[in-house]
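Here is the structure we will look at, set down as structure tokens.
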Amino acid sequence: AKGNLLCVSDGRLVNVPLDGKGDPAVLVDRGFLEKPIGLAIDAQGLCYVSDMATCTVKVLDPKTGKLVRTIGAGRQKAGPWDPARLDMPTQVAVDKQGRVWVADATYQPKRVQRFDADGKPDKSFLGPTQYGGGGWLDPKDKTRIYYNGMRFIIDWAKRDWKLDSLIYRPEELTAVSGGVMPERPVYYQGRRYLVGPCRSGDGVGHRDSISIICEERGAVAVPMAAAGLLAGWDDVDRRPDLMMKYGAVARGQLMFSWSDLNGDGQPQAEEVKTAPLPRGPMRGGWFVGEDLAFLTPGYRLKPVSIQPNGVPVYDIAKMETFKTFTHGPGARTDSLWGTEDGRIFMVGTRMIAADGQTMLWEYYNEFACHEGYYLSRFGYDRPPGVLNQEHKPIGHFRVGSEEYFVTNTDQGDLFCFTADGFFVGCIFGGPTGYGLRRWTMPEWEPGQVDLSDVRLPQEHYQGCVVTADDGK
């Protein structure tokens, strides 16, 4: 600013001598900033400092040493989306029109927020999804899509969308902590639930060591049940009654289940049941099936009852085992899907009957393991009828009388199977000679661009395939 070097140092705004001689001159003393991160200066010489502690931008006058105004309304909480609120404001800039641009370093959502010259929210520039994509469309309400604890509303007629609510904030005590987001709508016995993780095998290690079941009430998702590895349940460390009961035990050797028996949406120690791991460490993460059973490869915990308010109740002593029928070097075992009638569809690829002991069919994938794409050496020239490097089931739906299951892959194919084991083909990608167009069209018009012969990007690890309420 006009030959001056202004800096934020030790909670103060200072002018640093350019010749390096003498101490910095204090322009604004302590008391206004708690955790300053970014600094910008407008045409009038006012200083804009992002403060991560208060989740705001402080506007300071270096001439008077006073706070002029504050931009932002503090941290966002679970509920309706408020663009005036910031989570982790880092860098800040002011343009020629006096508009203030703030980089908000958060995943709910990734964004740059622009405020007008008066400090009011002007426009939100939302960033991309996590690596590999994400999100799940509600099959009975296609105007709603859920991603990373957020609810987006789609206006199909206008081909527009908006962020509507932050339905789940894991760091808040209104949530069940453990790094899992309720994203996938499940309809069971006339009730609608949101469960997470939405795909089996989502996350790495700790992130999918538990699963949760919630009910969406207004603009928030209220926890109703959870299960998994006790060591992966962060609530033990942040809730005093759980810490008192389980803080000193060998959590890495225990499974747990919790049901919200008193209906307050919060876990209490008396509502939690534990049991030793059946045979040491389990392979793969936890997943909620369409019948509200908690699943991990080889084990299944079904609800023993559903309370009148919809809360599923579990008896962890009744944990069942099921055969994965794993064989061969490429038989991946950590990704599965549970149907409403109790069948288990597993990447690798096979269907297991509801009894957990009978394999109904198998379409063997020699290269289903994580490094299968490299072991097969197919590249994009996969032989017809041969599977290659599957990751996760990403959909189960019906079209007419036919029932389908879909898996994603490392090379942009989405494999589609019928319920009786017929490999129908690919929704995207295809064998050698197909899927030659990449999803990189620089210019496109919704509803008009030809998507035939398109292949998704490599390592497209997420996604979902559903039949919407209009049958499409």
Side-chain angles (χ1 to χ4, degrees), residues 55 73-88 104 106-113 121 123-130 132-188 191-199 202-203 207 211-226 260 265 288 290 292 310 394-395 397 446 462-470 472:
C55 302
R75 187 172 175 80
Q76 174 78 48
K77 296 182 179 180
W81 162 245
D82 182 358
R85 296 188 176 275
L86 302 168
D87 263 15
M88 299 177 66
D104 198 9
T106 178
Y107 283 84
Q108 283 189 295
K110 294 180 183 178
R111 65 163 169 162
V112 171
Q113 180 63 47
K123 187 173 182 179
S124 300
F125 298 85
L126 302 189
T129 62
Q130 65 192 25
W136 204 279
L137 186 74
D138 188 335
K140 293 193 176 182
D141 184 355
K142 68 174 186 176
T143 67
R144 298 186 177 202
I145 190 168
Y146 298 86
Y147 167 69
N148 198 35
M150 297 174 285
R151 182 176 70 196
F152 294 85
I153 301 298
I154 302 175
D155 187 329
W156 292 90
K158 295 181 180 179
R159 301 190 183 278
D160 197 9
W161 59 272
K162 67 177 182 179
L163 173 56
D164 174 67
S165 301
L166 300 188
I167 62 170
Y168 203 75
R169 303 279 276 177
E171 68 273 16
E172 296 180 6
L173 284 175
T174 55
V176 170
S177 183
V180 179
M181 298 289 190
E183 295 180 3
R184 179 169 58 91
V186 170
Y187 291 83
Y188 183 67
R191 300 189 71 97
R192 180 179 181 275
Y193 299 88
L194 285 179
V195 306
C198 56
R199 285 160 292 268
D202 271 5
R207 284 177 51 199
S211 285
I212 57 174
I213 299 174
C214 298
E215 182 178 58
E216 190 175 1
R217 301 174 188 170
V220 298
V222 179
M224 302 180 84
D260 186 25
V288 180
E290 296 170 356
L292 301 188
I394 61 169
F397 58 94
Q462 317 299 331
C464 76
V465 180
V466 303
T467 302
D469 49 348
D470 60 1
K472 297 181 180 178

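No experiment lies behind these values; they were computed from the predicted model shown.
With sequence neighbours excluded, no residue satisfies side chain to side chain donor-acceptor pair (under 3.5 Å) with D469. Y187 pairs by the ring-ring contact (aromatic ring centres under 6.0 Å, His included) definition with nothing, not counting sequence neighbours.
R199 and G134 get closest at one heavy-atom pair: NH2-CA, 4.1 Å. The heavy-atom pair separating G463 from W136 by the smallest distance is O-CZ3, 3.7 Å. Summarising the geometry of L137 relative to I145, their closest heavy-atom pair is N-CG1, 3.9 Å, with the distance given to 0.1 Å. Nearest heavy atoms, V466 versus P139: CB-CB, 4.2 Å. The two residues V186 and E290 come nearest to each other via the heavy atoms CG1-O, 3.7 Å.
Of the possible donor and acceptor atoms, none in the side chain of Q130 sits under 3.5 Å from a partner among the backbone N and O of N148. Judged by distance alone, with hydrogens and angles left aside, the side-chain atoms of Q76 form no donor-acceptor pair with the main-chain N or O of R85 at under 3.5 Å. A donor-acceptor contact shorter than 3.5 Å links the side chain of R184 to the backbone of C198. The backbone N or O of V176 lies less than 3.5 Å from a partner atom in the side chain of Y168, making a donor-acceptor pair.
Looking at K77 and D82, no side-chain N of the basic residue comes within less than 4.0 Å of a carboxylate O on the acidic one, giving no salt bridge. Using a cut-off of 4.0 Å between Lys/Arg side-chain N and Asp/Glu carboxylate O, D138 and R151 are scored as not salt-bridged. We find that R75 and E172 are not joined by a salt bridge, their nearest charged nitrogen and carboxylate oxygen being 4.0 Å or further apart.
Atoms CG and SG, from D260 and C214 in turn, are 10.0 Å apart once rounded to the nearest 0.5 Å. The line from CG of L126 to CE of M150 is 8.0 Å long, rounded to the nearest 0.5 Å. Remark: Q113 CD to S124 OG distance equals 3.5 Å, nearest 0.5 Å. Note that CZ of R169 is 10.0 Å distant from OG1 of T174, once rounded to the nearest 0.5 Å.
Two residues are said to be in side-chain contact when any heavy atoms from C-beta on lie closer than 4.5 Å; E183 and Q462 fail this criterion. Taking 4.5 Å as the limit, every side-chain heavy atom of P182 sits out of range of all side-chain heavy atoms of V195. Considering only heavy atoms from C-beta on, L194 comes within 4.5 Å of I167 through its side chain.
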May I have the step-by-step check of side-chain contact (heavy atoms from CB on, under 4.5 Å) for S165 and W81, ending in yes or no? CA-CA 5 Å; S165 301; W81 162 245; 5.6 Å; no

CA sep, side-chain torsions, deciding dist, call: Y193, M224, side-chain contact (heavy atoms from CB on, under 4.5 Å): CA-CA 9 Å; Y193 299 88; M224 302 180 84; 3.8 Å; yes

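Judged purely by distance below 3.5 Å, without hydrogens or angles, the side chains of T106 and D104 never pair a donor atom with an acceptor atom. Donor-acceptor pairing under 3.5 Å is recorded for the side chains of Y146 and E216.
The environment of Y107 atom OH is sparse: at most 12 non-hydrogen atoms of other residues, nucleotides or ligands sit within 6.0 angstrom.
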Which atom pairs, donor and acceptor, lie under 3.5 Å between side-chain atoms of residues 152-163 and protein residues at least two apart or in another chain?
unit_1 : atom_1 : unit_2 : atom_2 : d
D155   : OD1    : A157   : N      : 3.2
D155   : OD1    : K158   : N      : 3.0
W156   : NE1    : K142   : O      : 2.7

